[in-house]
Amino acid sequence: MILIPCPWCGPRNVSEFRYADEAKVRPDPNATTPERWRTYLYMRDNPAGWTTEKWFHRAGCRRYFTLERDTVSNAVRAAEASREV
Amino acid sequence: MRSATVQTRMPMRLGPQPGEVIDRHRPFTFTWNGERYPAFAGDTIISALAASGERVFSRSFKYHRPRGLLTASFLDPGCVVQVNDEPNVRGSHRRVEPGMIVSAQNAWPSLRFDAKSVNRFLGRFLPPGFYYKTFIKPQRLWPAYEKVLQRFAAGGRTFPDSPHGYYDKRYAHPDIVVAGGGPAGMAAAVAAAEAGARVILVEEEYELGGHLRWGSEDELGALRELRDEVARTPGIEVLTNSVVNGRYDGNWVAILQRNLPHVEERLIKARAKVLVVAPGLIERPYVFRGNDLPGVILSTAARRLINLFAVKPGERAVVLTANADGDAAVADLERAGVEVARVEDARRGGDIIGARGRNGVRMVECGDGSRVECDLLVTATGWTAPTSLLNMAGDRPVYNPTAARFFPSRPSDDVLATGGISGDGSLDELLAHARATGQEAARRALKVGSALRAGVPRRVDVEEPPDMPPIEIPELPVVEHPELFQGRTDGIVDFSEDISSKDIVAAAKEGYDSVELMKRYTTATMGPTQGKLETVNAVAILARATGKTIEETGTTVWRPPYAPITLGALAGRNFEPVRYSPMQPWHERHGANPMVAGAWIRPEHYGDPESEARNVRENVGLIDVTPLGKLDLRGPDVPKLLNLLYVNQWNTLEVGKVRYGVMCAEDGVVLDDGVTGRLGPEHYLMTTTTSGAATVWEWIESWLQTEHPDWQVHVTPVTDAYASINIAGPKSRELLLRVAGDVDLSPEAFPYMNVRTGTVAGVEGCFMWRIGFTGELSYEVHVPAAYGLYVWEKLMDRGADLGVKPFGIQAQRILRLEKGHLIVGQDTDGLTGAYSAGLSWAIKLYKEDFIGKPELSWQSECDNSFQLVGLQPHDGSVVPPEASQIVEGENEIAGRITSSCMSPTLGRSICLGFVAPHLAEPGTSVTVLLPNGERTTARVMEYLAHFDPKGERQRG
């Protein structure tokens, strides 16, 4: 059970959180192409190494925040808190 | 006098021993295989039986050979027994209790005469892999094979009627968990606690001390001192008869606690900053002919029996010793009055060729070929390091030929090892290593603590303790030990699975020559001892058979759990919440049939759903819709939010109006629907589906927090804050008029799709929506939850002469299907786009942005997906079950029924369903394939609604 460093509550068990996808930018809905939009919807980088992810502290402060995680070692480190900080 | 009588009935019981754990003042009896046996408090089941001279405790798994005591510890493979209604009890660990009813497992009809022991002559028919080879073909005989296999399977009896035990869970946040309460574990715990750490010290046996407990006077003295230190050092929680069962990511440590009164087992989930592994060493059996006969025991078993339980292990012994512990066993045996007939010293070429006897050792053939009559053969041939917890932290143990055992190889930051697992040496050397390890663990725990706190926002800066230099941990010496695994003959390697050295050689010859393959093929190390006794021998024998070294062969991977754990402990207590509406007591009093809807319990019906539905069409009905998701939205930017979330238009909604909305995901699939109303200039109430309430709340927060953090909107879930009652039927206005206070209910003042705030039955702050899921004139009233039951009862009371009756989910589903209202999740699935669901009227592609807009705009250009339509079977008495396929030609799927029922209003069957676009034209006849294989036809209707398609009734 890894510890997730919530920027608001501190380190908590991962079971309190929901993984909320890779951190990525939503294309402009009025200027996108099917290829670009569906890449945003369905394609994931899935690297062996550090990734930037969105997590949701479901059983805590209920804030979304970004986090960096090494998919090989499960090491985690804080990224900047969600954009509204 | 009484005590003396009992004593004479325990012929193998010795006089008082300095380290004994039995209480001679508390004798009692228990039952073993139907006969009464004496015991002292503190005895294990097996030590008590051994004191009475019993030697056979089970039959082996495959060959049904008689098995006795081997290790006198938790692992003892031949001492697994049935206790009362509990199977697979470790008899050499479990303490015997007065009146306990104990019986042997895997023996039929009795332990002394086991019918299946003919197996031992059939050995060649049960080669390795016999499961895979023998019982495969022909397949039609499998039921017969299964019965045979079941009869041979080891294991006791379970009783389905046994009462549930009480199991528990606990979360712990210690600085340090020390796994193992021997001298090293105790010293490490004390050193860590003295350095300020909070420590949990876990010991598998009933008392701390490890091997010191069966040691010399000096060792007993050291033990007393260590126990005193543990007891007087603050900050150490001692858990005995408990075991560290696994180590997971982030030092999440599972501790199985068995020592609690009235609790069968408790699972402690401890987040340790540092884990110290100090499990000591496990003595390894020696492989030779007859090594599983009762009377062949390990040196530690002999010393435990004599020193802990005052039991004489035999009368005349041969000892094979390769180390100091074997020598100590010789001394213990002589002191206990056992005649030591022969000592074979493996360090000087001594060996054992084989043991003979029927139900126990009678004669031993020694290395020089001489034969010695005896009833006891004690072996001390080396040690296995239980590196499980280190493995779970990523360590790969490496074989050290000097010490003839595996050692940990990869040090880690948050898992440290000490004690015998790390090396040899005198007790003082071990204790020095353990103390240094404990101090270093405390230092690292402090650092981990600082790092964790650094991630917690704080109002004021707290000064963190300064970094300390690392504590130097002295190296432990490695003492030379002869490599002894298998003698000159073949014998049992895995005692629980009945795997012999021959089987491993055979497996290697068949090509299963890697350790992991051999393990799975032969099942060696896969039985109840899980490799703790047999792994190293199995690896050594495989290495020899394949011409490799033990280093090259390597060892199998140890995984959790370390010790057996009950499903009860894993499950713990049930804390799953159940949600009821405030009106639940009324429903229960009025015969509601409960239905599980997610976490909610809702009335499915009150006996007759069809008449409940008719009553809504004719008079007035009440339904409890409290579980409906409700979100209170406030702020100037709510219209922007609604425009983003819903596919339809929201910035034109006036105060006092409500609107039906559809939400899609970014892929254009329908996510949720519901009605949202504007209560004030910057105040909205959103309703969601019952099952979507939690998801939609997270969904909204996600968009607000990550995409539009600048929007001023505050979202509060108020599902539980309001009890919701839908009053439906032509007489609903009349009923509401009787209880409404300040709200003008006239159709002109309060038209369809409007919301009003006011007093209902004297309760202030209620919201009234004029909407109609049922298609009738209806009002949905949201009452502050505490008044829900009161308002419900008031409505029932005041509407008695109007014919008011409750209706349940089932009636509501009939009514909405008559009305053609879709249910998200029933009439749509994870692939249903909004156009496909017949919602094109709601989608406003001209809006600047909304979730799913690109996909929906592409769908609008070319949509060839199935269409949701109303369907009526031509034969109105046939109700095609939900999920019946609509087919074309040679059973080609051209749609499916999503909802269906017999309409009490129309007196015929009605459906909603998806059909291929070319069949969606009203009037088309489609073929419906029923689950029983028969076919029926149905007509595609002009509207989704089967009843009142123009919606005149609800607008009235």
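Computation of the quantities below employed the complete heavy-atom set of this structure, encompassing side-chain atoms and omitting hydrogens, waters and symmetry-equivalent molecules. First the proteins, then the strands, lettered A, B, ... as listed; each starts at 1. Everything numeric in this text was worked out from a predicted model, so none of it was measured.
Between A/M1 and B/K269 the shortest side-chain heavy-atom distance does not fall below 4.5 Å. Side-chain contact between B/D249 and A/V14 is absent, with no heavy-atom pair separated by less than 4.5 Å. The shortest side-chain heavy-atom distance between B/D849 and A/R26 falls under the 4.5 Å cut-off. At a threshold of 4.5 Å between non-hydrogen side-chain atoms, the residues B/W252 and A/L3 do not count as touching.
Separation of atoms CD (B/Q705) and NZ (A/K54) is listed at 10.0 Å; rounding is to 0.5 Å.
In this structure B/T716 satisfies the side-chain contact (heavy atoms from CB on, under 4.5 Å) test together with B/D632, B/H714, B/V718, sequence neighbours excluded. Every residue meeting the side-chain contact (heavy atoms from CB on, under 4.5 Å) condition with B/S857, not counting sequence neighbours, appears here in chain and number order: B/L845. Qualifying side-chain contact (heavy atoms from CB on, under 4.5 Å) partners for B/A172, counting only residues two or more places apart in sequence or in other chains: B/R170, B/P174, B/I200, B/I268, B/A270.
Residues B/K853 and A/N30 bring a donor and an acceptor atom of their side chains to less than 3.5 Å of each other.
Within residues 663-671 of chain B, the residues that have a heavy atom under 4.5 Å from a heavy atom of chain A are B/E666, B/D667, listed by number.
Taking chain A as the reference chain and counting heavy-atom pairs below 4.5 Å, the highest number among B/A454, B/G394, B/A694, B/S702 is found for B/S702. Ranked by heavy-atom pairs under 4.5 Å with chain A, the list B/Y248, B/F850, B/W697 is led by B/W697. Of all the listed residues (A/N74, A/N13, A/T33), the one sharing the greatest number of non-hydrogen pairs under 4.5 Å with chain B is A/N13.
In this structure, chain B has a heavy atom under 4.5 Å from the side chain of A/R58, while its backbone stays farther away. Heavy-atom distances place both the backbone and the side chain of A/I2 under 4.5 Å from chain B. When heavy atoms are compared at a cutoff of 4.5 Å, A/P29 approaches chain B by way of both its backbone and its side chain. For A/P34, the parts sitting under 4.5 Å from any heavy atom of chain B are the backbone and the side chain alike. Proximity to chain A is limited to the side chain of B/R271, based on heavy atoms less than 4.5 angstrom apart. Using a 4.5 Å cut-off between heavy atoms, A/D28 does not touch chain B at all.
Crowding of B/E861 atom CD: a count of heavy atoms from other residues, nucleotides or ligands under 6.0 Å exceeding 12. The neighbour count for B/K847 NZ, taken as heavy atoms of other residues, nucleotides or ligands under 6.0 Å away, is above 12.
Looking only at distances, a side-chain donor or acceptor of A/Y64 sits under 3.5 Å from a matching main-chain atom of B/E698.
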